[in-house]
Amino acid sequence: MRYTELGRTGMKISHLSFGASSLGSVFRETNEKESFEAVEAAIEGGINFIDVSPYYGHYKAETVLGKALRNIPRDKYYLSTKVGRYGKDGVNTWDYSAKRVTDSVYESMERLGIDFIDLINVHDIEFQAARPGGLQLVVDETLPALFELKDKGVVGHVGITDLQLENLKWVAERVPVESILNFCHYTLNDDALTDYLDFFEAKGIGIINASPLSMGLLSQRGVPAWHPAPKALVEACQKAAEHCNAKNYPIEKLAVQYSVSNPRIASTLFSSANPANVRRNIEWANEEPDWNLVKEVQEIIGDQQRVTWANS
């Protein structure tokens with residue numbers, strides 16, 4: 001496992017990291033025993049960065065992760081969670097106000113069973129972009145509230161997350177955030193994150209990539225029904241998966257290997273509540289990809305490269 005400092009935070013994190021969204025049964029129904037074993041497999045495999053959010057499973061992921069972490073020494077991992085995006089009884093909600101995000105941090109610590117959060121993120125800031133106050137509220141209210149918690153020693157570092165790279169850049173130009181988390185933009189079908197690396201690096205901002213399978217696009221079983229990708233992109237990725245199968249090289253393996261290959265990106269998050277899948281992803285991430293196959297896959301995806309979508 002390779003470890004890279006996340007910007008200037010001093011946290012040296014594993015190049016593959018564990019996203020705990022699966023523990024919230026967001027992809028399939030999960031059981032706690034299997035979820036605990038998945039977290040343990042991640043730590044045993046050298047992963048030292050875990051990311052979660054109160055939004056995942058509408059608080060379930062944090063609750064289950066908190067139980068899983070009870071038997072894991074605190075110095076074995078860095079923990080990241082988020083504020084701003086929530087849900088209850090199947091209904092999504094958003095609240096980026098200073099009071100709500102401050103309360104949210106303490107609520108997350110209680111669910112997680114910890115007294116310190118290594119990295120706190122403002123979750124999916126594009127949703128606030130469409131709300132009263134827009135992204136300026138994140139700059140003027142949300143982030144100052146989190147930096148106040150940093151000054152108090154409640155959290156270690158402050159970052160932002162979003163699918164839309166331009167939003168991350170806009171906020172980072174105005175507030176000295178310490179990290180960004182972006183998803184689906186350093187994958188076999190979309191490397192748009194590379195256009196922003198110079199900007200983030202110049203500001204000392206740590207870079208986290210997420211969803212190497214592009215939310216299921218780069219998988220043998222195909223995308224879930226809710227996936228927002230346009231049909232042409234879905235079909236191109238299916239052809240790429242079939243090509244990889246013919247080469248006896250699962251597209252999931254190639255996708256993970258590609259996403260962790262850029263040394264300028266501190267870490268790539270994946271999520272699974274299956275311990276066998278966790279171990280398999282770690283094994284893949286510690287191997288070089290077949291670069292000829294990468295080229296072939298990207299040629300198959302063709303003009304659908306960098307085709308993106310709105311978050312949902």
Side-chain angles (χ1 to χ4, degrees), residues 1 6 11 13-14 16-88 90 92-93 101 103-124 146 149 154-159 161 179 181 183 208-213 215 267-282 285:
M1 190 70 69
L6 181 62
M11 297 192 299
I13 65 175
S14 47
L16 184 71
S17 46
F18 184 78
S21 57
S22 291
L23 308 189
S25 300
V26 298
F27 304 113
R28 64 175 176 87
E29 194 57 41
T30 55
N31 67 75
E32 288 193 351
K33 182 178 182 295
E34 186 182 36
S35 294
F36 297 167
E37 291 173 355
V39 176
E40 291 165 1
I43 298 295
E44 291 168 0
I47 288 175
N48 73 343
F49 184 77
I50 300 173
D51 176 79
V52 70
S53 167
Y55 171 67
Y56 302 145
H58 293 174
Y59 308 109
K60 180 179 178 181
E62 282 192 332
T63 301
V64 173
L65 178 60
K67 293 178 182 178
L69 294 175
R70 287 174 185 170
N71 296 319
I72 299 175
R74 186 63 178 87
D75 62 359
K76 290 288 187 181
Y77 61 89
Y78 295 111
L79 186 60
S80 163
T81 192
K82 307 181 182 78
V83 298
R85 191 173 185 185
Y86 312 99
K88 186 178 181 182
N92 295 336
T93 61
V101 302
D103 291 344
S104 181
V105 169
Y106 289 104
E107 292 165 8
S108 287
M109 289 196 298
E110 186 172 347
R111 281 188 292 269
L112 291 162
I114 58 173
D115 57 9
F116 178 78
I117 295 172
D118 299 287
L119 173 64
I120 190 70
N121 285 299
V122 185
H123 197 176
D124 288 348
L146 298 181
L149 292 177
V154 177
V155 303
H157 305 283
V158 178
T161 87
S179 69
L181 191 163
F183 54 104
I208 301 171
N209 176 42
S211 196
L213 305 190
M215 294 162 54
S267 192
T268 292
L269 283 159
F270 79 100
S271 186
S272 177
N274 182 323
N277 286 347
V278 172
R279 287 188 282 268
R280 184 181 62 186
N281 276 277
I282 292 170

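Side chains included, hydrogens not; waters and symmetry mates left out as well; all remaining heavy atoms used.
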Kindly give the heavy-atom pair with the smallest separation between L16 and A285, and that separation in Å. CD2-CB, 3.7 Å
dist L269:CG -> F49:CZ (nearest 0.5 Å) comes out at 6.0 Å
N281 and F18: CA distance, side-chain angles, deciding distance, side-chain contact (heavy atoms from CB on, under 4.5 Å) verdict: CA-CA 10 Å; N281 276 277; F18 184 78; over 6 Å; no
Distance (rounded to the nearest 0.5 Å) between K76 NZ and I47 CD1: 14.0 Å
Walk me through it: do S17 and D51 pass the test side chain to side chain donor-acceptor pair (under 3.5 Å)? CA-CA 8 Å; S17 46; D51 176 79; over 6 Å; no
Could you go through V39 and V64, starting from their C-alpha distance and side-chain angles, then the distance that decides it, and tell me whether this counts as side-chain contact (heavy atoms from CB on, under 4.5 Å)? CA-CA 10 Å; V39 176; V64 173; over 6 Å; no
Please confirm whether the backbone N or O of D75 pairs with a side-chain atom of Y77, one donor and one acceptor, at under 3.5 Å? no
Checking Y56 against S271: is there a side-chain donor and acceptor pair closer than 3.5 Å? no
Yes or no on side-chain contact (heavy atoms from CB on, under 4.5 Å) for E34 and N274, after CA distance, side-chain angles and deciding distance? CA-CA 6 Å; E34 186 182 36; N274 182 323; 4.0 Å; yes
Once you round to the nearest 0.5 Å, how far does CG of N209 lie from CG of L181? 8.0 Å
All heavy atoms of L65 vs all of A20, minimum pair found to be CD2-CB, 4.1 Å
Spacing of M109 atom CE and S104 atom OG [to the nearest 0.5 Å]: 10.5 Å
Under 3.5 Å: donor-acceptor pair, side chain of R74, backbone of F116: yes
So which heavy atom on N121 is nearest to which on S80, and how close? ND2-OG, 3.0 Å
Would you sort out whether K33 and E40 count as a salt bridge (charged side-chain N to carboxylate O under 4.0 Å, His left out), showing the intermediate values? CA-CA 11 Å; K33 182 178 182 295; E40 291 165 1; over 6 Å; no
Closest non-hydrogen atom pair, T93 against G87: OG1-N, 3.6 Å
Inter-residue atom distance Y106.OH - D115.CG, 0.5 Å rounding: 11.5 Å
Heavy-atom closest pair (G159 atom, L119 atom, distance to 0.1 Å) is N-CD1, 3.9 Å
When you compare the side chain of E37 with that of V278, does any pair of heavy atoms fall below 4.5 Å? no
Pick from K82, E62, H123, R85: which one makes a side chain to side chain donor-acceptor pair (under 3.5 Å) with S53? H123
Can you classify the ring geometry of Y59 versus Y86 as parallel (below 30°), tilted (30 to 60°) or perpendicular (above 60°)? parallel
Shortest non-hydrogen contact from R111 toward P54: NH2-CB, 3.6 Å
Who are the ring pair (Phe, Tyr, Trp, His ring centres under 6.0 Å) partners of Y78, not counting sequence neighbours? none
Side chain to side chain, F270 and L213, heavy atoms closer than 4.5 Å: no
In Å, rounded to the nearest 0.5 Å, how long is the span from CG of L23 to CG of N31? 11.0 Å
Are I208 and T161 packed together at the side-chain level, in the sense that at least one heavy-atom pair is separated by less than 4.5 angstrom? no
Using modelled atom types and a 3.5 Å cut-off, is there a donor and acceptor pairing between side-chain atoms of S14 and backbone atoms of N48? yes
Is there a donor-acceptor pair closer than 3.5 Å between any side-chain N or O of T268 and the backbone N or O of A210? no
Which residue, L149, V83, V101, V154, forms the side-chain contact (heavy atoms from CB on, under 4.5 Å) with I120? V83
